[in-house]
Amino acid sequence: AAQLPYDDNTFDAIVSFETIEHSNDYAKIVAELCRVAKKNAAILISTPNTKIVSPKGIVENPFHLKEFTYDELHKLLSSVFSDFQIYGQKYNRYSKKTFRNKIAFFTENLLLKRGIRKVPINAQDKLMKLLIGKPLYAEPEDFLLAERKSEAEKCTTFFAVCKKN
């Protein structure tokens, strides 16, 4: 990812979800994404919020080499892009605290545990559809983007929308 085999100004849009945290060359990766993007291209980047996913200050995921705070991600992106916005991605499927949602939340977490996860997906989906009328895995409407920094910092994932000028 730090040396993409493409010419400069190749792509109209680039998506890099949950990638940069897996490399120590994250600055080179972001610069490389910009290099291969055309003028006015949209570059979408997501990465975990270390304050939420590794709250003790120690990266807990063994595959993550660098997790970012909001300010670190902002500094990284501003070194490459003059036009970008960082959002917090918020899972809101169970934001309404109803009894039905509490049961569905518990069931979803149970189904995603090891071992139980081996139950056929169609059976899991049927159970979740009975409980809340939705499949086990999240749908686009189950997420919101928090625009304000104070809200984004409370979210598990940062979602940056960058534009190459």
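For K96, the side chain to side chain contact (heavy atoms under 4.5 Å, CB included) partners two or more places apart in sequence, or in a different chain, are T98, N101. Judged as a salt bridge (Lys or Arg N to Asp or Glu O under 4.0 Å), and not counting sequence neighbours, the contacts of K149 are D71. Listed by chain and residue number, I52, V53 satisfy the side chain to side chain contact (heavy atoms under 4.5 Å, CB included) test with T156 (two or more places apart in sequence, or in another chain). Scored by the side chain to side chain contact (heavy atoms under 4.5 Å, CB included) test, F11 finds Y6, I14, V36 as partners (sequence neighbours excluded). Not counting sequence neighbours, the partners of I103 by the side chain to side chain contact (heavy atoms under 4.5 Å, CB included) test are F99, T107, L131. The ring-ring contact (aromatic ring centres under 6.0 Å, His included) search around Y70 returns F158, not counting sequence neighbours. In this structure, the ring-ring contact (aromatic ring centres under 6.0 Å, His included) partners of F17, at least two apart in sequence or on a different chain, are F159.
Under the 3.5 Å distance criterion, the side-chain polar atoms of S54 are matched with a main-chain donor or acceptor of E60. A side-chain donor-acceptor contact under 3.5 Å links T69 to the backbone of E72. Between the H22 side chain and the F63 main chain, a donor and an acceptor come within less than 3.5 Å of each other.
With values rounded to the nearest 0.5 angstrom, D125 atom CG is found 7.5 Å from N122 atom CG. If you take CZ on F84 and SG on C162, they are separated by 7.0 Å, rounding to the nearest 0.5 Å. Rounded to the nearest 0.5 angstrom, K90 NZ and L145 CG are separated by 10.5 Å. Put simply, CD1 on I29 and SG on C34 are 14.0 Å apart, with the number rounded to the nearest 0.5 Å.
Ionic pairing of K134 and D142 is present here: one or more N-O contacts between side-chain nitrogen and carboxylate oxygen are shorter than 4.0 angstrom. Residues R93 and E141 are not paired through a salt bridge, judged by the lack of any N-O separation under 4.0 Å between the basic side chain and the carboxylate.
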Next item on the list: Please step through salt bridge (charged side-chain N to carboxylate O under 4.0 Å, His left out) for the pair K51 and E67, ending with a clear verdict.
Entry: CA-CA 9 Å; K51 288 186 177 181; E67 293 176 349; over 6 Å; no
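A single hydrophobic cluster is not seen to contain both Y137 and L144; linkage of ILVMFWY side chains at heavy-atom distances under 4.5 Å, directly or through other members, places them apart. Under the 4.5 Å side-chain contact rule for hydrophobic residues, L33 and V161 do not share a cluster. Hydrophobic cluster membership differs between L4 and V15, with clusters built from Ile, Leu, Val, Met, Phe, Trp and Tyr side chains linked at under 4.5 angstrom.
A heavy-atom distance below 4.5 Å is not found between the side chains of P135 and M128.
Atom CZ of F106 sits in a sparse spot, with 12 or fewer heavy atoms from other residues, nucleotides or ligands closer than 6.0 Å.
Listed by first and then second residue, the side-chain hydrogen bond (donor to acceptor under 3.5 Å, both in side chains) pairs that reach into residues 23-33 are E32-R35, sequence neighbours excluded. Among pairs with a residue in residues 73-88, those fulfilling side-chain hydrogen bond (donor to acceptor under 3.5 Å, both in side chains) read S82-N165, at least two apart in sequence or across chains. The salt bridge (Lys or Arg N to Asp or Glu O under 4.0 Å) analysis of residues 154-165, with sequence neighbours excluded, yields the pairs E151-K154.
Across N49 and C155, no two heavy atoms sit closer than the pair ND2-O, 2.9 Å. Among all heavy-atom pairs drawn from G88 and A152, the shortest one is N-CB, 3.4 Å.
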Side-chain atoms of residues 40-48: list all donor-acceptor pairs with protein atoms under 3.5 Å, sequence neighbours left out, distances to 0.1 Å.
unit_1 : atom_1 : unit_2 : atom_2 : d
S46    : OG     : E18    : N      : 3.1
S46    : OG     : E18    : OE2    : 3.2
T47    : OG1    : E21    : OE1    : 2.8

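Chaining together hydrophobic side chains whose heavy atoms lie under 4.5 Å apart leaves I58 on its own.
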